Amino acid sequence: MLLSVVVPCYNEEEAIPFFHEELKKVMEVFAQKYPEVTFEVLFVDDGSTDGTLTVIKDLRANDERIHFISFSRNFGKEAAIYAGLKNAKGDYVVMMDADLQDPPSLLPEMYEAVTAEGYDSAATRRTTRKGEPPVRSFFARCFYKIANKMSRTEIVDGARDYRIMSKKMAEAIVSMCEYNRFTKGIYGWVGFKTKWISYENVERVAGKTKWSFWKLLMYSIDGITAFSTTPLRLASFMGFFFTLLAFVMIVFIVVRKLVSGDPTPGWPSLACIVVFIGGVQLFCIGILGEYLTKTYLETKNRPIYIAKEEE
Ligand code: UDP
Ligand code: MG
């Protein structure tokens, strides 16, 4: 039984040594409890600009279970996850962050779920957002609410990418070769029976988060457009609503003119209406543009990542 641990890393030279220590402890626990399991640790270096790759190579020199793929540049975590799943050879694959925010100590419980309890996958979610700026938590909550209203694919609030899955599920995810990848949605889309394990948020052990508020906002828009076409429909509905409104207003003005011959000019209100409708139109064109961009990028058929070095 081979268990692949996939670790996306982007500028994690400080965190990887801590991570490796923790992982070693868990591998020892496994050696005692589940002697049938052998490990493969696949680091995906997502074009790091610091010494991440050197740190990984040093680890590999002492431990032949460690493998790595190094990208030619930073392709983003989604690409790193894809590369990891594609190259993992294990009967089970587990995704884990390098910063120890995904506690390796949960691994035995997750392994138990997929082997003994008949699940295809065991995923984790954090119950709190401790240590996160309140504004970010607020917007994150809003995102999950909106995304789930708009999309039929379930996107679980607080879900981490930390999960173990069977080879079947990993293959299903790799078979989705779209360029615009939103893993949280992809996990939901492929289905499979998933056990959810909750834990309290842990702060990263070293280094800095790679996500700024702006990046998260852009990512959330990508997430919604990747798994929902509701915004397009919203644009149509708005168009329909305003056409109706305009019709009612025309009737109103004609009738008023006939009844009272009202000559009141009303320029300010007219200006407001023009600006408002103009705004709505631009907004709708923007929505169209979002989808067009995605279509454009997909049709280019570019590779999701480019590996420079692999061992
Ligand atoms: N990561 C990556 N490529 C990126 C950004 C992040 O592979 O472009 C990795 C990063 O090294 C870490 C994981 O994805 O192992 C999660 O990143 P981070 O801790 O910055 O995100 P957060 O936990 O704050 O959501
Ligand atoms: Mg993190």
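Indexing begins at 1, ligand by ligand and atom by atom, following the structure's order. Bear in mind the structure is a predicted one, so any value in this text is a computation, not a measurement.
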- May I ask you to decide if the ring planes of Phe71 and Tyr305 are parallel, tilted or perpendicular, using 30° and 60° as cut-offs? parallel
*Check the side chains of Glu40 and Ser4 for a donor-acceptor pair under 3.5 angstrom, ignoring hydrogens and angles.*
yes
Asp99 heavy atoms within 4.0 Å reach ligand 1 at atoms 19 (O), 23 (O)
protein heavy-atom neighbour closest to atom 6 (C) of ligand 1 works out as Lys210 CG, 3.6 Å
Practice problem: Taking the six-membered ring for Trp and the full ring for Phe, Tyr or His, determine whether the centres of Tyr119 and Phe192 are under 6.0 Å apart. | Solution: no
The atoms of ligand 1 lying under 4.0 Å from a heavy atom of Gly76, numbered in the order shown, are 3 (N), 8 (O)
Residue, atom and distance of the protein heavy atom nearest atom 24 (O) of ligand 1 read Thr209 OG1, 2.6 Å
If we number the atoms of ligand 1 from 1 as shown, the ones under 4.0 Å from a heavy atom of Cys9 are 7 (O), 11 (O)
The atoms of ligand 1 lying under 4.0 Å from a heavy atom of Gln101, numbered in the order shown, are 19 (O), 22 (P), 23 (O)
ask   = Passes ring pair (Phe, Tyr, Trp, His ring centres under 6.0 Å), Tyr296 versus Tyr179? Steps please.
value = CA-CA 10 Å; Tyr296 174 60; Tyr179 184 76; over 10 Å; no
If you scan protein heavy atoms around atom 12 (C) of ligand 1, the nearest is Glu12 OE2, 3.3 Å
Counting heavy atoms under 4.0 Å, the part of Asn74 that contacts ligand 1 is side chain
for atom 16 (C) of ligand 1, nearest protein heavy atom and its distance come out as Asp97 OD2, 3.2 Å
For atom 21 (O) of ligand 1, the closest protein heavy atom turns out to be Trp211 CD1, 3.1 Å
Check your understanding: In terms of side-chain geometry, is the basic nitrogen of Lys24 or Glu21 positioned less than 4.0 Å from the acidic oxygen of its partner?
Key -> yes
Sorted by chain and number, sequence neighbours left out, salt bridge (charged side-chain N to carboxylate O under 4.0 Å, His left out) with Asp50 holds for none
Ranked by distance from atom 15 (O) of ligand 1, the top protein heavy atom is Pro8 O, 2.7 Å
Of all N, O or S atoms in Asp99, the one closest to the Mg ion (ligand 2) is OD2
- Would you please classify the geometry between the Trp211 ring and the Tyr219 ring as parallel, tilted or perpendicular, with 30° and 60° separating the classes? tilted
Nearest non-hydrogen protein atom to atom 14 (O) of ligand 1, with distance, is Lys77 CD, 3.2 Å
Salt-bridge criterion met for Arg160 and Asp97 (N-O under 4.0 Å): yes
If you scan protein heavy atoms around atom 3 (N) of ligand 1, the nearest is Asp46 OD2, 2.6 Å
Checklist entry - Quick one: do Lys195 and Glu112 make a salt bridge, cutoff under 4.0 Å? => result no
Report task. Please state whether the separation between the Mg ion (ligand 2) and some N/O/S atom of Asp97 is under 2.8 Å? Result -> no
request  = Answer with yes or no after comparing the ring centroid distance for Phe213 and Phe139 against a 6.0 Å cut-off, counting only values under it.
outcome  = yes
